[in-house]
Amino acid sequence: MLDINYIREKPDEVRDALLKRMVDVDFTEMLSWDKKRRELLVETENLKAKRNKVSADIPRLKKSGQDVNPLLEEMKQIADLIKDQDTQIAEYEKKIYDFLVVLPNIPAKDVKAGGKENNEVVRVWGEKPGFSFEPKNHVDLVRDLDLIDYERGVKMGGNGFWLYKGKGALIEWALLNYFIEEHLKDGYEFILPPHILTWQCGYTAGQFPKFEDDVFSLEKEEDAANRQFILPTAETALCNYYRDEILREDELPRKFFAYTPCYRKEAGSYRANERGMIRGHQFNKVEMFQYTKPEDSEDALSELVEKAERLVQGLGLHYRVSKLAAGDCSASMGKTYDIEIWIPSMNEYKEVSSASNGYDFQARRGNIRFKREGSRKTEFVHTLNASGLATSRLLPAIVEQLQQEDGSVLVPEVLQKWVGVEKIKANK
RNA sequence: GGAGAAGUACCCAAGUAGGUUGAAGGGGACGGUUUGCUAAACCGUUAGACGUCGCAAGGCGUGCACGAGUUCGAAUCUCGUCUUCUCCGCCA
């Protein structure tokens, strides 16, 4: 949620910033509602002050034997007036809320305007593997090596699902263990959150109300706040850990990570070139999350990117880091770096981690604040998240980048203690 | 799923024939006195938060789980919701 005070003071600045995301917003009408609301509010609060005063007087006057009936009559009218104005105020508030709630975050100053095409590669690690033979794509590789079963996955879950088996399941599990081990080393706290969340969680994270159609919802409850859905990323859960709480300065930064499967509808995003495990309705991910003081969030973002990079480096896979243009950042985020892994058969880099600074956007929605030592004021914290990492695209990258001429695949050294072998060979 | 009970500030907890409760009292925390230091004792402070007006000092409004309602006036009465606990049922 954007700060209405900021919009009030610098509407043009906010407008220009959102234009970088190609979102054109005219605040004129909204600000007129805001003005009207505050005028009404002042009036109504004065009436309430009077009501409070008179209501306190009444028992006293009664005691002294005075006739209070005319006063009661007058107060009745004031009560009606208050009620009427409260309703009007609520209407304005609703309109303002509806207007603001769908607006995305303001991009950071150093983020480029425009969409995807303006993303900027800031770093490349390793090199594209050169093959002296005809390399296979991951769909064939995982089938030949018996790591993934697409057909039976679809039989069980329908289109968009697969299942891991044997060494495939072991590699997947090894990846998760590897991530967990690294995050623990860095002092992050391990969380296993609920996989079903209330609507409020999605709201805080900034996914709702705009992107409700992207998640799997459970049966609809009439009461919006109690509606539940299956989480699309652990960020949605971790972002709500401190919802409606006030932290002490010395509690920050807070660093968490969580493992959960991620469930997404991905409606309409199927493309022929995304067969295999590039995009499915369910994938595994370890997610990092930080709550920081405002002045620390830039450094925290660097830390998260670095951590995610180190994980990929540990696997020995070629990747690059892109700084996303404003329009390609997700709605809640003001700055995002993607770590993209090389998938040889697709001749493309695919995101395996997205590290973002949400600044105070989510904190405002979730009312997550902190208080500085010795200060009475509260301030919003900053929230950051980064995948560390998503696995469903790592397995394809591993098998494709590390495939050998004989059709086998090398197991990255860091995973060997869990997988139990150095190389996966076809059974046949 | 069924039946009961409960939800008051950091914690515990009083408070129902609606009206000086702008929520008692305790604990804790913080400050002070005493002390070589600590403890104890004693004295004092402690509703936070949000909104709004104001250059400011400060004023006003809202707040007793949440949301509606009744009333001139609600922690207190009515309705709905949520959460927790106990018991029963079902079940991995």
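Here is how names work: the chains are called A, B, and so on, in the same order as the sequence lines, proteins then strands, and each is numbered from 1. Basis for what follows: all heavy atoms, side chains included, without hydrogens, waters or symmetry-related copies. It should be emphasised that the depicted structure is a prediction, and the values quoted were computed from it without experimental measurement.
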Using the [atom1] atom in both, what is the distance from [N] to [M], to the nearest Å?
N      : M      : atom1 : answer
G67(B) : U83(B) : C1'   : 15 Å
U70(B) : C77(B) : C1'   : 8 Å
G7(B)  : U81(B) : C1'   : 14 Å
G25(B) : A14(B) : P     : 15 Å
U71(B) : G58(B) : P     : 39 Å
C87(B) : G18(B) : C1'   : 35 Å

Would you say [N] has OP1 or OP2 under 4.0 Å from some side-chain N or O of [X]?
X        : N      : result
Arg51(A) : U62(B) : yes
Arg38(A) : G51(B) : no
Arg37(A) : U52(B) : yes
Lys48(A) : G61(B) : no
Asn52(A) : U62(B) : yes

>> Tell me which one of Val25(A), Asp34(A), Ile7(A) satisfies side-chain contact (heavy atoms from CB on, under 4.5 Å) with Phe99(A).
In response: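 Testing each of Val25(A), Asp34(A), Ile7(A) against Phe99(A), the sole residue satisfying side-chain contact (heavy atoms from CB on, under 4.5 Å) is Val25(A).
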
>> Using the side-chain contact (heavy atoms from CB on, under 4.5 Å) definition, which of the options Leu317(A), Ile398(A), Leu389(A), Leu315(A) pairs with Ile341(A)?
In response: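 So, applying the side-chain contact (heavy atoms from CB on, under 4.5 Å) to Ile341(A) and each of Leu317(A), Ile398(A), Leu389(A), Leu315(A), only Leu317(A) qualifies.
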
So what's [N] paired with, Watson-Crick or G-U wobble, going by both distances under 3.5 Å?
N      : answer
G36(B) : none
G1(B)  : C88(B)
A13(B) : none
U71(B) : none
G44(B) : C30(B)
U52(B) : G59(B)
A65(B) : U81(B)

Contact class for [X] (heavy atom, under 4.0 Å): base, sugar-phosphate, or nothing?
X         : result
Ala49(A)  : sugar-phosphate
Val42(A)  : sugar-phosphate
Thr44(A)  : nothing
Leu72(A)  : base
Lys371(A) : sugar-phosphate
Arg8(A)   : sugar-phosphate

Would you mind reading off the distance between [X] atom [atom1] and [N] atom [atom2], rounded to a whole angstrom?
X        : N      : atom1 : atom2 : value
Asn46(A) : U62(B) : CG    : P     : 12 Å
Glu39(A) : G51(B) : CD    : C1'   : 16 Å
Met1(A)  : G51(B) : CE    : C1'   : 15 Å
Lys53(A) : C72(B) : NZ    : C1'   : 16 Å
Lys76(A) : G73(B) : NZ    : P     : 9 Å

Side-chain donor-acceptor contact under 3.5 Å, [X] with [Y]:
X         : Y         : result
Asn385(A) : Glu287(A) : yes
His183(A) : Lys255(A) : no
Glu251(A) : Tyr291(A) : no
Glu212(A) : Tyr203(A) : no

> What residue among Phe289(A), Tyr241(A), Tyr188(A), Phe190(A) forms ring-ring contact (aromatic ring centres under 6.0 Å, His included) with Phe256(A)?
Replying inline: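 Only one option passes, and that is Tyr241(A).
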
> Do the two ring centres, one from Phe229(A) and one from Phe208(A), sit under 6.0 Å apart?
Replying inline: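 Yes - the distance between ring centres of Phe229(A) and Phe208(A) falls below the 6.0 Å cut-off.
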
>> Both Asn367(A) and Gln77(A) contact RNA chain B. Which one's nearest nucleotide lies toward the 5' end?
In response: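 Looking at the nearest nucleotide for each, Asn367(A) comes out on the 5' side.
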
> On RNA chain B, nearest-nucleotide positions of Thr378(A) versus Ala79(A): which is more 5'?
Replying inline: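 Result of the comparison: Thr378(A).
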
> Under 6.0 Å from the six-membered ring centre of Phe257(A) and within 45° of its axis: does the NZ or CZ of Lys307(A) meet both?
Replying inline: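 Not flagged: Lys307(A) not positioned over aromatic ring of Phe257(A).
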
>> Given 3.5 Å as the limit, does a donor-acceptor pair link the side chain of Thr391(A) with the main chain of Asn284(A), or not?
In response: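 Checked: pair present.
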
> Looking at the side chain of Glu45(A), which of G61(B), C72(B), C50(B) is the nearest nucleotide?
Replying inline: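 Nucleotide nearest to Glu45(A)'s side chain: G61(B).
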
>> Syn or anti for A57(B)? Use the chi torsion, O4'-C1'-N9-C4 for purines and O4'-C1'-N1-C2 for pyrimidines, with syn inside 90° of 0.
In response: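 In terms of base orientation relative to the sugar, A57(B) is anti.
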
> Is G63(B) syn or is it anti, if syn means the base angle is within 90 degrees of 0?
Replying inline: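 Base orientation relative to the sugar is syn.
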
Are there any protein N/O atoms within less than 3.5 Å of an N/O atom in nucleotides 64-70 of chain B, and if so, which ones and at what distance?
unit_1 : atom_1 : unit_2   : atom_2 : d
U70(B) : OP1    : Lys83(A) : NZ     : 3.4
U70(B) : OP2    : Lys83(A) : NZ     : 3.0

